[in-house]
Amino acid sequence: MPHSHEQSLKERLGEDNFKKIQGIGNPSLNEFLVKFIEILNPEKVFVCTDESADIQYIREKALRDGEEQELAIPGQTVHYDNYFDQARDKKNTAILLPKGKRLDRVITTLDRETGLNDIFQILPNIMKGKELLIRFFCLGPTNSHFSIPAVQLTDSAYVAHSEDLLYRKGYQEFIRQGSGARFFKFIHSQGELDERKSCKNLDQRRVYIDLEEDTVYCTNTQYGGNTIGLKKLAMRLAINRGSQEGWLTEHMLVMGIRGPQNRLTYFTGAFPSLCGKTSTAMLEGENIVGDDIAYLRKVKDEVRAVNVERGIFGIIMGINSKDDPIQWNALHSPNELIYSNILVTPDKQAFWMGKDGEIPSKGYNHSGEWYPGKTDSTGKEIPPSHPNGRFTISLEAMRNLDPAVNDPHGVKIGGIVYGGRDADTSIPVEEAFNWSHGIIIKGAALESETTAATLGKAGVREFNPMSNLDFLSIPVGKYVLNNLDFGRNLPAAPKIFSVNYFLLDHHGKFLNEKNDKKIWYKWMELRVNREVDAIQTPTGRIPLYEDLKPLFKSILNKTFTEQNYLQMFTIRVQENLSKIERISEIYRNLLDVPSDVFHELDAQRTRLQSALKRFGKYISPFTLRGNRI
Ligand code: OXD
Ligand code: MN
């Protein structure tokens with residue numbers, strides 16, 4: 001390395017840490033480190049390799065610094081974020097846009113120069129008196145054409161520890177990729193902390209994504225969705241890179257569904273946050289590969305997918321022994337895991353909303369000491385745990401982990417599923433007519449009600465194409481085109497489906513129980529393998545009653561009546577037409593929208609209008625029984 005870099009790094013890092021960086025031998029990494037160590041100006045620097053002693057140092061530091069506290073079950077800790085920093089902060093998260101480039105208004109952007117000026121006012125000396133932790137990870141399996149190395153700079157041992165549970169080790173991967181490695185860079189500082197170890201300067205909370213430099217800056221925030229660089233921040237960088245190279249980064253689970261004779265068919269599934277993605281990936285008896293982010297590539301006419309991560313940053317609310325046996329078991333065994341923003345009782349037991357058992361009468365949570373009826377400064381009652389409280393755990397703690405999870409070639413995808421939180425329009429499961437219908441009508445036209453995973457009001461219906469809108473770093477139209485092109489010329493593209501776990505009846509009651517989703521996946525598995533027929537409707541292909549009934553009986557031991565089927569699978573024509581109008585209007589105002597989007601939307605409208613004339617506003621699935629294919 002140039003003499004000046006070497007000198008500067010040696011001085012700042014000390015002999016041992018310097019050797020670790022020298023071992024990687026990547027000049028752009030050295031340059032990056034020299035620049036930012038100077039700006040952040042920490043008192044100390046620790047370089048973490050893949051060695052267990054280094055990783056242990058980070059775990060212990062999180063406890064020493066009070067960012068985590070130990071719980072009664074060995075290996076478990078709890079962490080708290082600032083009371084007002086409990087979700088992804090969309091308002092202060094921006095893609096930095098170079099002059100002359102355009103992005104849609106639905107994506108928050110900031111002129112690049114303005115953003116960099118702003119962040120470079122906040123960063124100088126932000127780590128004064130603190131220890132900077134430098135960690136190396138790999139997005140996707142190591143030793144694979146999916147692998148993307150990444151370096152994280154942070155002053156939070158909680159962030160560095162979480163990443164250890166969530167991502168594959170990357171120090172060796174940096175070495176393997178050599179000096180040409182195109183790595184992602186993440187710089188995080190939680191800034192000043194108060195006595196409760198929560199961020200003092202939320203007004204300087206920033207998350208800026210610089211696509212030009214593959215770098216993300218993030219300051220004065222603690223919530224994992226804002227700070228764990230490799231999670232939602234890396235997605236923006238990867239979407240941009242994949243768009244240039246012809247592969248996809250999706251907000252998707254990856255899982256294997258078992259069919260007859262133990263056949264395993266892999267699916268990906270896109271759902272907005274807090275809409276059942278993790279609980280789907282955790283279905284008992286099926287195999288999990290990943291629960292949140294997938295890279296998809298075409299290899300020899302097949303769609304192959306990998307889990308970008310190796311752990312779960314899961315939502316804890318609602319997890320109970322009956323509905324979530326796999327997670328329950330992992331949470332009650334001595335596994336290394338970090339809870340965040342839950343209630344901890346005086347005897348160090350973890351409690352969250354929806355857990356089995358009584359609500360404790362006191363404890364400690366994200367608001368400090370907690371008791372039932374406690375209100376916050378706005379007069380709002382504080383629940384025992386935050387609805388977006390989380391648990392961070394390695395997938396290895398899950399007994400349903402798929403053996404192919406680290407396969408450098410990924411798994412072959414047979415089906416792609418899109419789902420949102422939709423009270424009144426989409427039926428529980430439906431297959432698209434073909435790739436383009438699926439990508440546009442099931443994926444690009446997805447709507448979902450907002451949840452506690454982002455700051456702001458929950459329950460508002462929002463456009464969320466492929467459940468990926470929050471993470472897009474390219475125009476929506478271009479993103480949709482990339483998806484269309486991805487499957488266009490494949491001889492056997494994966495089948496595309498929609499699911500809706502949140503459909504209500506006319507009295508506002510959920511039409512499905514939490515575990516009914518298992519049946520939808522079993523049916524999709526049979527469809528992918530061409531073992532059952534379907535009924536053609538104006539919106540897609542739906543299951544036959546005769547196929548669902550035995551699945552409900554044999555898998556859930558439930559009697560699925562004709563009345564259940566009728567209620568769930570009645571096509572709601574008017575609601576679907578209104579949705580087409582809403583979505584068409586949105587796309588008319590977006591950039592670079594491919595004409596296929598309007599063709600598919602128009603064709604769906606025409607089918608629905610003629611069905612409306614013929615059958616009225618609600619079409620019973622029994623009426624359409626003759627359209628069997
Ligand atoms: C997540 C999210 O944490 O999407 O996965 O918010
Ligand atoms: Mn997510």
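Both ligands and their constituent atoms are indexed starting at 1 by order of listing. In what follows, residues are counted from 1 in the order of the sequence shown.
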* Structure fact -> The ring pair (Phe, Tyr, Trp, His ring centres under 6.0 Å) partner of Tyr339 among Trp352, Phe391, Tyr80 is Trp352
* To the nearest 10 degrees, how large is the angle at the Mn ion (ligand 2) between His251 NE2 and Asp292 OD1? -> 90°
* Asked: Do the ring centers of Trp247 and Tyr295 come within less than 6.0 Å of each other?
  -> yes
* Is the Mn ion (ligand 2) under 2.8 Å from any N, O or S atom of Lys232? -> yes
* Between Tyr83 and Arg196, is a side-chain hydrogen bond (donor to acceptor under 3.5 Å, both in side chains) present by the stated rule, with each step listed? -> CA-CA 11 Å; Tyr83 186 77; Arg196 291 189 55 229; over 6 Å; no
* Proximal atoms of ligand 1 relative to Asp292 (non-hydrogen, under 4.0 Å) -> 5 (O)
* **Numbered atoms and elements of ligand 1 in range of Arg88, under 4.0 angstrom, heavy atoms** => 2 (C), 4 (O), 6 (O)
* **Taking every non-hydrogen atom, the tightest pair across His332 and Ile73** => CA-CD1, 4.1 Å
* Report the relative orientation of the aromatic rings in Phe510 and Phe502; use parallel for angles under 30°, tilted for 30 to 60°, perpendicular for over 60°. => perpendicular
* Nearest protein heavy atom with distance in Å, relative to atom 1 (C) of ligand 1 -> Lys232 NZ, 3.2 Å
* Asked: When you look at Asp292 and His251, which way does the side-chain hydrogen bond (donor to acceptor under 3.5 Å, both in side chains) test go after all the steps?
  -> CA-CA 6 Å; Asp292 197 31; His251 194 199; 3.1 Å; yes
* Passing candidate, side-chain hydrogen bond (donor to acceptor under 3.5 Å, both in side chains) with His161, options Glu67, His79, Glu336, Lys61 -> Glu336
* Asked: N/O of Lys231 under 3.5 Å from N/O of ligand 1, yes or no?
  -> no
* Is Lys277 in polar range of ligand 1, meaning some N or O pair under 3.5 Å apart? -> no
* **Nearest neighbour in protein (non-hydrogen) for atom 3 (O) of ligand 1** => Arg390 NH1, 2.8 Å
* Structure fact -> ligand 1 to His251, heavy atom cutoff 4.0 Å, flagged ligand atoms 4 (O)
* Asked: Starting from atom 2 (C) of ligand 1, which protein heavy atom do you reach first, and at what distance in Å?
  -> Ser273 OG, 3.0 Å
